[in-house]
Amino acid sequence: ACGEQEKPEDLIGMILESTVGAVGVWPAFHHFDLALRSFNELFGRMETHRIPLVYHTMGHGDHPWLHQPDWRGIREIASEYPALPIIVTPTGMLQGRNLLPLLAECGNIRVDLSCETFGFIEYVTRNLGASRLICASRLPFDDPGLMTSHLLYADISEEEKSLIAYSNINNLVGAIR
């Protein structure tokens, strides 16, 4: 958008020629607006090639309990690019009331397990499908046991746990074309 990166077509070419499995953005941390007017061309090319967008929601010094993801911005991207896989991490501990309707509305959004709404993993798995969840540990920022323990003790099948633990992300990366 402002010349600090390669042109979108060149960036996508480099991604497809390499082993890169996703494009990550940290708008809150880097203090920029992830506005469509600035990223339309890149997101459109990513959607065409099914390259996942990993949307990191926390800024510097944010605490998972208190931070407020830009749900409107995430919804705008997901709605404008319905075939673009979007992984939101972390979702925030107190964000179930915002997150669950967004997941129901936008089928291209996947999320990590950091939402602390009671029964979150079970609710999403039963109502929206285990394919919507990704076990993202946030290593090296957090201990991987924080998220894996939620998954290990979730009241879902072993097959669903396997999907969330690794198959979902493998399937997204394997779908890049």
Side-chain angles (χ1 to χ4, degrees), residues 21-36 38-39 43 46-47 51-157 160-169 171-172:
V23 171
V25 294
W26 288 262
F29 188 84
H30 291 121
H31 305 285
F32 70 92
D33 180 9
L34 200 62
L36 292 181
S38 299
F39 293 91
F43 291 161
M46 289 172 62
E47 180 183 44
I51 299 169
L53 173 68
V54 181
Y55 193 116
H56 298 269
T57 63
M58 286 181 60
H60 182 69
D62 282 353
H63 186 278
W65 187 264
L66 300 174
H67 92 288
Q68 176 67 45
D70 178 15
W71 297 120
R72 287 186 180 114
I74 295 167
R75 176 181 279 110
E76 181 180 66
I77 296 166
S79 298
E80 184 71 23
Y81 302 98
L84 174 65
I86 301 171
I87 302 167
V88 179
T89 182
T91 56
M93 294 177 161
L94 300 175
Q95 294 298 318
R97 288 185 180 102
N98 295 311
L99 176 59
L100 293 170
L102 179 65
L103 284 174
E105 180 184 333
C106 302
N108 56 331
I109 294 179
R110 277 83 168 170
V111 296
D112 71 359
L113 308 179
S114 65
C115 182
E116 293 294 331
T117 298
F118 180 76
F120 175 74
I121 295 172
E122 293 86 351
Y123 180 88
V124 172
T125 299
R126 290 190 181 107
N127 293 289
L128 301 168
S131 66
R132 305 298 295 284
L133 298 171
I134 304 285
C135 188
S137 70
R138 294 193 23 85
L139 186 72
F141 304 106
D142 293 328
D143 185 314
L146 291 170
M147 292 304 121
T148 56
S149 63
H150 290 298
L151 182 57
L152 290 172
Y153 291 103
D155 186 18
I156 58 175
S157 72
E160 291 164 328
K161 289 178 184 180
S162 293
L163 285 169
I164 297 166
Y166 58 88
S167 294
N168 290 340
I169 194 70
N171 292 340
L172 286 174

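Residue numbers count from 1 along this sequence.
When all heavy atoms of Thr89 and Ala136 are compared, the closest pair comes out as OG1-CB, 4.2 Å. Taking all atoms of both residues into account, the shortest heavy-atom contact from Ala28 to Thr57 is CB-O, 3.6 Å. Of all heavy-atom pairs between Ile164 and Ala130, the closest is CG1-O, 3.7 Å. Here the closest non-hydrogen pair linking Ala22 and Val54 is CB-CG2, 3.7 Å. Ile134 and Arg110 make their closest contact through CG1-CB, 3.9 Å (heavy atoms, listed as atom of the first residue, atom of the second, distance). Residues Asp155 and Glu122 share a closest heavy-atom pair of N-OE2, 2.8 Å.
Within the 4.5 Å cutoff, no side-chain heavy atoms of Val124 are placed close to those of Val111. Under the 4.5 Å side-chain criterion, counting only non-hydrogen atoms from C-beta, Asn98 is not in contact with Thr91. Residues Lys161 and Leu152 have side chains not in contact (no heavy-atom distance under 4.5 Å, counting atoms from C-beta outward). Residues Leu99 and Val88 have side chains not in contact (no heavy-atom distance under 4.5 Å, counting atoms from C-beta outward). Residues Pro85 and Met46 fail the side-chain proximity criterion, which asks for heavy atoms closer than 4.5 Å. Here the side chains of Cys135 and Thr148 are in contact, with some heavy-atom distance below 4.5 Å. A heavy-atom distance below 4.5 Å is not found between the side chains of Phe39 and Val25.
Ring-plane geometry between Phe32 and His30 is classed as parallel, the angle between the planes falling under 30 degrees on a 0 to 90 degree scale with a further cut at 60.
Taken from CG in Leu172 to CD1 in Ile86, the straight-line distance is 11.5 Å, to the nearest 0.5 Å. Interatomic distance, Cys106 SG to Ile74 CD1, rounded to the nearest 0.5 Å: 10.0 Å. With rounding to the nearest 0.5 Å, the separation of CZ in Phe43 from CG in Leu84 is 7.0 Å. Remark: Ile121 CD1 to Glu160 CD distance equals 11.0 Å, nearest 0.5 Å. Note that OH of Tyr166 and CG of Asn171 are 10.5 Å apart. Values are rounded to the nearest 0.5 Å. In this structure, OG1 in Thr125 is found 11.0 Å from CZ in Arg132, a value given to the nearest 0.5 Å.
For residues 69-80, the side-chain hydrogen bond (donor to acceptor under 3.5 Å, both in side chains) pairs, not counting sequence neighbours, are Trp71-Gln95, Arg75-Glu105.
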Worked verdict on Leu133 versus Leu128 for side-chain contact (heavy atoms from CB on, under 4.5 Å): CA-CA 10 Å; Leu133 298 171; Leu128 301 168; over 6 Å; no

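With hydrogens and angles ignored, the 3.5 Å screen pairs a side-chain donor or acceptor of Asn168 with a backbone N or O of Leu163.
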